[in-house]
Amino acid sequence: MALAINVSSSSSSSVISASSFPSSELKAPQIGSLRLFDRINVSAASLSLSGKRSSVKALNVQSITKESMVASEKLDVVEVEDFEELAKRLENASPLEIMDKALEKFGNDIAIAFSGAEDVALIEYAHLTGRPYRVFSLDTGRLNPETYRLFDTVEKHYGIRIEYMFPDAVEVQALVKNKGLFSFYEDGHQECCRIRKVRPLRRALKGLRAWITGQRKDQSPGTRSEIPVVQVDPVFEGLDGGAGSLVKWNPVANVEGNDVWNFLRTMDVPVNTLHAAGYVSIGCEPCTRAVLPGQHEREGRWWWEDAKAKECGLHKGNIKENTNGNATANVNGKSTVADIFNSENVVSLSRQGIENLMKLENRNEAWIVVLYAPWCPFCQAMEASFDELADKLGGNGVKVAKFRADGDQKEFAKSELQLGSFPTILVFPKNSSRPIKYPSEKRDVDSLTSFLNLVR
């Protein structure tokens, strides 16, 4: 993914004459080698993780009186930039206002991260500001053909040139040689994402002082629900190097997915054709699939893994780990999660209870049990349908139950209960001790009832 430097045309844009600068200065800015003619250089120490940015102007020699002819040195300190306070002021601002503020503050030292999905809205917002803007994207080498075609369409639509950052060829070759092309299905996606996405992104950001992302709070309730509209990046470093040298802007953090799509349709913005095929969150081809109605958008990413693992590492700073090792929202430093599946017709099983259920070979009733974690957004998404199923089956020869399988119970659930990812649904037939795992992603009442009727 290289950093695309786009200069959007606008009737209000100022024109700089080439004669204003020495010829040696007239170079196009590039990742890792940025120049901004009228910007004061800010050292790495000027940004801190406390969310403040400051800088000091050069010494100014100024005559005090004609008679004394004594030169004095005056130190002018620029007002400290408090990004935490700025985030509060912009909390209710529109994405367009936030985008305009970001481009105004950082000019040529900021760029939009474009993934080839609905974050094309960011480019439209930047275009609407009338300010120059830059766009970059990561080409992992495993993207869908539709995504590459969208890149080309977006460039032509806006008259820009997207530059790309690519993964290191030696690292990719070593990974494929040692583990094959699809190792992520066996040992998780983190290693592949680190090589193909995170490290190229790190190189790109080293050429910037700020970047703009399409993160939204509703994209992943368990990991992104407390994203601010602007923050000092807690993970990556910028041009000046060191902690706090990069600012991260999230203009659509407070916007819901439906509103983003209403905006895209209204503005007639080019979009990825995969969206029409049921893809919502789009990444690399092997790790992305369409979702069904009622499923959360992130359920189409890395579907073979737990919900807490459905992040690639690009936005690690917005994820918090609780004491059980589960990803939860960072809500003012707290990570409390309410229990789910609370219908009076849902039986809550303890470890001993489900072990006893497994030992029974002849049951009076069939059981359907969901293995869940209350922090999991995909478990939360099916809560209403599972509670409705329990109410529907009450007194009809089927027990509906839940077993919390995260934390200390996770290893047991993986080894004894076929837990792969949350939620996992098991049916215990009347005349068999071995449970049958529900294989489908369709978790509506009718689909679950049909499966029960086939195996109970």
Closest non-hydrogen atom pair between P286 and R142, with its separation: CG-NH2, 3.4 Å
Walk me through whether V120 and E124 qualify under side chain to side chain contact (heavy atoms under 4.5 Å, CB included). CA-CA 7 Å; V120 68; E124 179 67 14; over 6 Å; no
I368 side chain reached by F451 side chain, heavy atoms, under 4.5 Å: no
Check step by step if side chain to side chain contact (heavy atoms under 4.5 Å, CB included) holds for E104 and R131. CA-CA 8 Å; E104 177 190 24; R131 298 181 184 276; 3.7 Å; yes
Between K217 and E91, does any NZ, NE, NH1 or NH2 come within less than 4.0 Å of an OD or OE carboxylate oxygen? yes
For the residue pair I212 and A102, what are the closest heavy atoms and their distance? CD1-CB, 4.4 Å
Checking R161 against E155 for the salt bridge (charged side-chain N to carboxylate O under 4.0 Å, His left out) test, could you report, in this order, the C-alpha distance in whole Å, the side-chain angles of both residues, the deciding distance, and whether it holds? CA-CA 6 Å; R161 182 63 65 190; E155 287 185 335; 3.0 Å; yes
Residue pair L448 / K392, side-chain heavy-atom distance below 4.5 Å: no
Could you please spell out the steps behind the side chain to side chain contact (heavy atoms under 4.5 Å, CB included) verdict for L208 and F136? CA-CA 11 Å; L208 298 169; F136 73 93; 4.3 Å; yes
Indicate yes or no for a side-chain donor-acceptor contact from E237 to the backbone of G242 under 3.5 Å, with no hydrogens or angles considered. yes
Atom CG in N272, atom CG in D119: separation rounded to 0.5 Å? 10.0 Å
Below 4.5 Å, heavy atoms only, C-beta onward: do R89 and L86 meet side chain to side chain? yes
Counting N and O atoms only, with roles assigned by atom type, does the side chain of S450 sit under 3.5 Å from a partner on the main chain of D446, one being a donor and the other an acceptor? yes
Under 3.5 Å, is there a donor-acceptor pair between the side chain of K402 and the main chain of I340? yes
Considering non-hydrogen atoms only, spot the tightest contact between P270 and V154 and give its length. CG-CG2, 4.3 Å
Test item: R203 side-chain N/O and F166 main-chain N/O as donor-acceptor pair under 3.5 Å: yes
According to the interplanar angle, ranging from 0 to 90°, do the rings of F184 and F182 count as parallel (below 30°), tilted (30 to 60°) or perpendicular (above 60°)? perpendicular
Check whether any side-chain heavy atom of V427 lies under 4.5 Å from a side-chain heavy atom of L452, and answer yes or no. yes
Residue N92 excluded, over 12 heavy atoms near CG under 6.0 Å: no
Does N108 offer a backbone N or O that forms a donor-acceptor pair with the side chain of R134 under 3.5 Å? yes
Please check if atom NZ in K437 has more than 12 non-hydrogen atoms from other residues, nucleotides or ligands closer than 6.0 Å. yes
Kindly give the heavy-atom pair with the smallest separation between S343 and A390, and that separation in Å. OG-CB, 4.4 Å
Flag, side chain of S385 to backbone of M382, donor-acceptor distance under 3.5 Å: yes
Taking atom CG of L175 and atom SG of C192, what is their separation to the nearest 0.5 Å? 5.5 Å
Hey, what do you get for CG (L205) to CZ (R202), rounding to the nearest 0.5 Å? 8.5 Å
When I112, D233, N250 are each screened for side-chain contact (heavy atoms from CB on, under 4.5 Å) with W211, the one that passes is D233
Main chain of D240, side chain of S245: is a donor-acceptor contact present, judged purely on distance under 3.5 Å? no
Compare every heavy atom of E383 with every heavy atom of N342, then report the nearest pair and how far apart it is. N-OE2, 4.2 Å
Could you tell me which non-hydrogen atom of R209 sits nearest to which non-hydrogen atom of L239, and how far apart they are? NH1-CD2, 3.5 Å
Distance col, row K414:NZ vs T424:OG1, nearest 0.5 angstrom, shows 11.0 Å
Would you say the side chain of L426 lies within less than 4.5 Å of the side chain of F403, judging by non-hydrogen atoms? no
Kindly assign one of parallel, tilted or perpendicular to the pair F83 and F106, based on the angle between their ring planes and the thresholds 30° and 60°. parallel
Between the main-chain N or O of G283 and the side-chain N or O of T288, is there a donor-acceptor pair closer than 3.5 Å? yes
Sidechain-backbone polar pair: Q231 side chain, V247 backbone, donor-acceptor under 3.5 Å: no
For D100 and L96, indicate whether the former's side chain and the latter's backbone hold a donor-acceptor pair under 3.5 Å. no
Please lay out, stage by stage, how H275 and I282 fare under the test side chain to side chain contact (heavy atoms under 4.5 Å, CB included). CA-CA 8 Å; H275 290 305; I282 300 175; 3.5 Å; yes
Nearest 0.5 angstrom please: E146 CD to Y279 OH, how far? 7.5 Å
Who are the side-chain hydrogen bond (donor to acceptor under 3.5 Å, both in side chains) partners of N144, not counting sequence neighbours? none
Taking the side chain as every heavy atom from C-beta outward, state whether V455 and Y438 have any pair of such atoms under 4.5 Å apart. no
Here the gap from I98 atom CD1 to N254 atom CG, rounded to the nearest 0.5 Å, amounts to 6.5 Å
Side-chain heavy-atom pair L90, W249 within 4.5 angstrom cut-off: yes
Are E256 and R216 packed together at the side-chain level, in the sense that at least one heavy-atom pair is separated by less than 4.5 angstrom? no
